[in-house]
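Some notes on the structure that comes next.
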Amino acid sequence: MSTISDSVRGPWSPDSFRERPAAQHVHYEDPAAVEAAVHKLRSLPPLVNSWEVERLKHLLSEAQEGKRFLLQGGDCAETLDDCRASIITSKIKILLQMSLVLVHGSKRPIIRVGRFAGQYGKPRSSPTERRMVPADGPEANPQELPSYFGDLYNRPEFTAAARRPDPDLMVTGYQHAALTLNFIRSLAAGGFADLHHPEYWDLGFFDRAELPADLREEYQRTTREMGEALRFMEALGESKVETLTRVEFFTSHEGLNLFYESAQTRVVPQWPGHYDLTTHLPWIGERTRALSGAHVEFFRGVKNPIGIKLGPSAQPDEVAQLCEVLNPADEAGKILLIARVGAARAEEVLPKLVEGVKREGRRVLWVCDPMHGNTQSLSSGLKTRSFDNILREVEISFDVHQALGSVLGGVHFELTGEDVTECIGGGLSEKDLDKNYASRCDPRLNYRQALEMAYRLARRMSR
Ligand code: PEP
Ligand code: CO
């Protein structure tokens with residue numbers, strides 16, 4: 001077992017993180033306004049409840065044993081502007097459709113977790129951004145402003161007023177998360193009967209000229225089989241259809257803004273301990289997972305399942321220490337290790353991490369995020385990702401876990417239900433990217449790319 005200094009294990013409170021250095025710290029000019037926003041958030045009802053959090057933990061514990069599979073996905077940066085019925089509906093729709101394809105391939109129930117209802121805080125590679133203002137011409141001068149840290153902190157426009165971190169955005173973010181979640185809950189309760197019929201899905205990507213014939217045939221066969229299975233279920237009687245169309249969604253976001261998380265963290269009557277009730281599943285980002293930092297300090301004290309992003313530089317002993325601090329009792333369903341090492345390095349890096357966890361005998365759910373290690377910048381400055389690299393990282397992850405007798409228990413995607421042009425492949429090339437590049441942060445798979453990804457994963461999982 002690794003040794004950890006006692007300072008990481010001292011007394012905890014929802015505010016003890018304030019004593020620790022916070023990576024990605026965003027400076028608010030007015031501390032009183034921060035406390036006022038925190039006070040307001042403390043008085044407001046929680047967004048989720050502890051029963052749901054415990055249920056998710058239970059489902060995740062089954063995924064650790066290979067009995068379920070996690071599908072986590074949504075925007076890189078959710079925005080306040082996108083809190084609209086059509087956008088939320090299409091996000092739910094793509095996650096649901098992908099999950100049905102994955103059920104078919106994996107023969108396992110799928111746990112659906114959205115990056116939504118609070119994915120408003122973004123870590124950035126630099127605290128400030130420089131641009132020429134105006135963009136060109138003889139008057140152009142370089143200007144440096146705080147980077148855009150997501151709608152929970154500031155606004156994206158490149159003006160001093162918009163970029164000034166505003167604590168009231170925590171309350172606005174909470175309200176939009178509540179509106180989003182309310183709508184998702186109503187959609188989930190109302191049933192998605194028509195979505196269960198693949199014959200009504202937009203499967204236009206089957207017709208792509210460059211799609212190899214064998215793959216096209218396989219997609220068609222999968223779709224036919226899914227339709228038949230669902231019609232069979234329906235033929236068994238109305239009650240089955242109802243059960244089938246009632247779907248469960250959980251929420252997740254990066255727990256970046258600890259004032260926001262802490263203000264919604266509370267004890268509940270039914271269980272011991274504190275719950276962070278902004279979301280079911282918070283995760284700690286690659287840039288904020290320092291063992292002695294504020295984020296690990298905060299999340300070690302809450303009962304929620306916790307995701308930890310692991311980039312290519314993660315070391316096995318570091319991972320062991322994080323597991324020990326965040327899950328000292330080795331509780332099942334508690335820790336998700338979300339590896340995002342990149343397709344190019346996955347074969348080299350992933351086995352060391354997986355073996356390390358096995359050696360320590362830790363219970364974790366291994367998840368593959370094939371997005372964040374595969375970002376590339378084009379000469380135009382635009383960020384993109386290739387469908388093929390994304391798929392390759394997941395396939396390598398399956399192979400590595402299989403070879404080591406471990407389980408890849410889930411996947412984590414940045415995707416949208418909209419017809420955006422941000423990732424290359426699956427029918428899009430570099431020259432298509434400016435047609436509808438809408439992300440404020442990282443490039444997402446669009447509807448067709450995401451659905452095709454699900455078909456490809458289902459194919460891999462049915463082996
Ligand atoms: C993200 O999930 O959007 C993100 C910033 O991830 P990471 O911490 O893995 O870079
Ligand atoms: Co991202």
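Side-chain atoms are counted along with the backbone in the values below, which use heavy atoms only and exclude waters and symmetry mates. First listed ligand is number 1; within each ligand, the first listed atom is number 1.
- At least one N, O or S atom of His372, from either the backbone or the side chain, sits less than 2.8 Å from the Co ion (ligand 2).
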N or O contacts of ligand 1 with protein under 3.5 Å, please list pair by pair.
residue, atom, partner, partner atom, Å
ligand 1, 2 (O), Arg115, NH1, 2.9
ligand 1, 2 (O), Arg115, NH2, 3.3
ligand 1, 2 (O), Lys309, NZ, 2.8
ligand 1, 2 (O), His372, NE2, 3.4
ligand 1, 3 (O), Arg115, NH2, 2.9
ligand 1, 3 (O), Lys122, NZ, 2.7
ligand 1, 3 (O), His372, NE2, 2.9
ligand 1, 3 (O), Glu414, OE2, 3.0
ligand 1, 6 (O), Lys309, NZ, 2.9
ligand 1, 8 (O), Glu286, N, 2.9
ligand 1, 9 (O), Lys309, NZ, 2.9
ligand 1, 9 (O), Arg340, NE, 2.6
ligand 1, 10 (O), Arg287, NH1, 3.0
ligand 1, 10 (O), Arg340, NH2, 2.9

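- Checked against Arg385 for a side-chain hydrogen bond (donor to acceptor under 3.5 Å, both in side chains), the options Gln449, Glu414, Glu422 give a single hit: Glu414.
- In this model, no donor atom of one side chain and acceptor atom of the other lie less than 3.5 Å apart for His58 and Glu54.
- Under the side-chain contact (heavy atoms from CB on, under 4.5 Å) criterion, Pro127 pairs with no residue at all, not counting sequence neighbours.
- Every side-chain contact (heavy atoms from CB on, under 4.5 Å) that Thr384 has, sequence neighbours left out, goes to Gln376, Leu378, Ile424, Leu433.
- For the pair Arg440 and Asp151, the salt-bridge criterion is met [side-chain N within less than 4.0 Å of a carboxylate O].
- Angle subtended at the Co ion (ligand 2) by Cys76 SG and Glu414 OE2: 90°, rounded to 10 degrees.
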Distance-only donor-acceptor pairs under 3.5 Å for side chains of residues 167-174, two or more places apart:
residue, atom, partner, partner atom, Å
Thr172, OG1, Asp168, O, 3.1
Tyr174, OH, Pro45, O, 2.7

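- The N, O or S atom of Asp442 with the smallest distance to the Co ion (ligand 2) is OD2.
- Ring-plane geometry between Phe298 and Trp12 is classed as tilted, the angle between the planes lying from 30 to 60 degrees on a 0 to 90 degree scale.
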